[in-house]
Amino acid sequence: MNRYEVFETVDMIHNEKLDIRTITMGISLFDCADENPKRACEKIYDKITKCAKDLVKTGEDIENTFGIPIVNKRVSVTPISLVAAASKTDNYLMFAEALDKAARTIGINFIGGFTALVQKGFMNADKILINSIPEVLANTELVCSSVNVASTKAGINMSAVRDMGQIIKQTAELTKDRNALGCAKLVVFANAVNDNPFMAGAFLGVGEAETVINVGVSGPGVVKTALEKVKGADFETVAETIKKSAFKITRVGQLVAKEAAKRLNTDFGIVDLSLAPTPFIGDSVAHILEEMGLESCGAPGTTAALALLNDAVKKGGVMASSSVGGLSGAFIPVSEDLGMIDAAEKGALSLEKLEAMTAVCSVGLDMIAIPGDTTAETISGIIADEMAIGVVNNKTTAVRVIPVPGKGVGDFVEFGGLLGKAPIMSVNNFSQKDFIARGGRIPAPLHSLKN
Amino acid sequence: MKLVITVVGKDQVGIIAKVSNILADNDVNILDISQTILQDKFTMMMYVEMNEQKINITDLKKAFEPMEENMKLAIQIYAEEIFNSMHKI
């Protein structure tokens, strides 16, 4: 190892905020199903607290061993609609309370999996779960919820899209004393992945192991600093530079993931190659795009810049890990990214531009605060558009919007911590009421027929 | 386990002596040192072996905190494996 390499690595971790963003333990809850809901909840609590009892300590031990910060330790579980389906009850709040209590007991900061998968249709349990969401997000602290309403194979369940617009509004209303914080813990997906380690959309899908360790790395600051050294160079150079940085970042993720799986006596699942920003200085994806030569994120050229970034991150990271999965790409959550916050505040970044950006990055419309008087139909319309992008482009897309009651364009809302803060963004208010009222399913696109 | 320690700051008398003393107090063995002055800045890279039964990285970092504060130095400590995984295929 030479001096340059040593100091490069030290700078990455110390100055450029390279960290392991999350170690997420996936835990299957299928064996917790029980006709008696109370009994099912006891089994869920017992299983999570048994399987993940050492998760937080192991994360801290690995920090102490390698010296690399591990920001979050989390748990994802089997979609609760699949586990609770066996139970005779018409409200799943008690399941969420069991998850919340288990999460507190083991000391993690979020638990994901209050989830329903309804891309093609609803089971009875899915309906119960979806109707429970507002109450769950208002009455629990650490539980994250997601609903997959579309997939390239199944098309878009427009009845679910319609329902989710209302659910998001109800969640906002029930958590209005906390700036509609409940909505920050609720994601609507197209093509949701089974091994996502990032919240709020994490759950452990069908076909996964009993328990599994998935790791998300992060390092927007590393990529930005690397690009600062190639100012004015052509795009081949930009892409190569990002690839090299992504490779190095991912190698650290792989090291930690393997070590965590070994220490927890668990399967190693995947490393998620995502560039996940935080609302702190030097940790912004928007600033990477600006480093490429844009005055502000959101300026014409932003989508192309993001497409390049997203692709180069994957190309660089894929060889660095034995198993890549999750969402893998660049995240663009507005409230969690200092550059995005600035761009939205000065009017450089609109909801429509963000929608275009989601066609070329790893997720979707994420952590966007919108006026509190936005109708449920308009939110459903936003969801439908985003789902269409995911379904047609064969990628994951998501919507996590927060209609903040009592706030309008020009206001600013604080969520605190990693969830950050955001200006309320303007929404196109022309009506789509009759479109959303139709319900039913938009069929899968032709290219879903691959066999 | 093997660690890499880097020390960066204004050149002054006694940096290596003090670092070595703290390492000796914590039973950490020095395997290699390379040090230079870059534009008035003292930069040192140390390759050491730590007894995991006796101390971990977090506590070793804490042991250096008063020295960092008093002498205005930036001292970083990471496991060798981090560097290997990044720079060696």
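By convention in this document, chain letters (A, B, ...) are assigned in the order of the sequence lines, proteins followed by strands, and residues within each chain are numbered from 1.
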side-chain contact (heavy atoms from CB on, under 4.5 Å) evaluation trace for A:L275 with A:I288: CA-CA 10 Å; A:L275 284 184; A:I288 300 176; 3.9 Å; yes
Greatest number of heavy atom pairs closer than 4.5 Å to chain B - which of A:I249, A:I13, A:I68: A:I13
Chi angles and distances behind the side-chain contact (heavy atoms from CB on, under 4.5 Å) call for A:E336, A:F331: CA-CA 10 Å; A:E336 298 173 1; A:F331 289 179; over 6 Å; no
For B:L73, the option from B:V19, B:I15, B:V8 that meets side chain to side chain contact (heavy atoms under 4.5 Å, CB included): B:I15
Nearest-0.5 Å distance, CD1 of residue A:I106 to CD1 of residue A:I111: 6.0 Å
Spacing of CG belonging to A:N109 relative to CZ belonging to A:R104, to within rounding of 0.5 Å: 12.0 Å
Spacing of B:N56 atom CG and B:K61 atom NZ [to the nearest 0.5 Å]: 9.5 Å
Chain B contact via A:E8 - side chain, backbone, both or neither, heavy atoms under 4.5 Å: side chain
Per-residue contact mode, B:Q76 against chain A (heavy atom under 4.5 angstrom): side chain
Residues of residues 25-47 of chain B near chain A, each having a heavy atom less than 4.5 Å away: B:S34, B:Q35, B:T36, B:T43, B:M44, B:M45
Among the listed options A:T250, A:V256, A:V252, the residue most often paired with chain B at heavy-atom distances under 4.5 Å: A:V252
Residue-level contacts of residues 82-89 of chain B with chain A, using a heavy-atom cutoff under 4.5 Å: B:I82, B:F83, B:N84, B:S85, B:M86, B:H87, B:K88, B:I89
Straight-line distance of A:T65 OG1 to B:E52 CD, nearest 0.5 Å: 6.0 Å
A:F7/B:T6 under side-chain contact (heavy atoms from CB on, under 4.5 Å): CA gap, chis, key distance, verdict: CA-CA 8 Å; A:F7 279 98; B:T6 63; 3.8 Å; yes
Spatial distance of atom OG (A:S284) from atom NZ (A:K224) [nearest 0.5 Å]: 8.5 Å
Carboxylate-amine/guanidinium proximity below 4.0 Å for A:R21 and A:D19: yes
Test side-chain contact (heavy atoms from CB on, under 4.5 Å) applied to A:E228 and A:E291, step by step: CA-CA 7 Å; A:E228 283 169 7; A:E291 186 56 44; 3.5 Å; yes
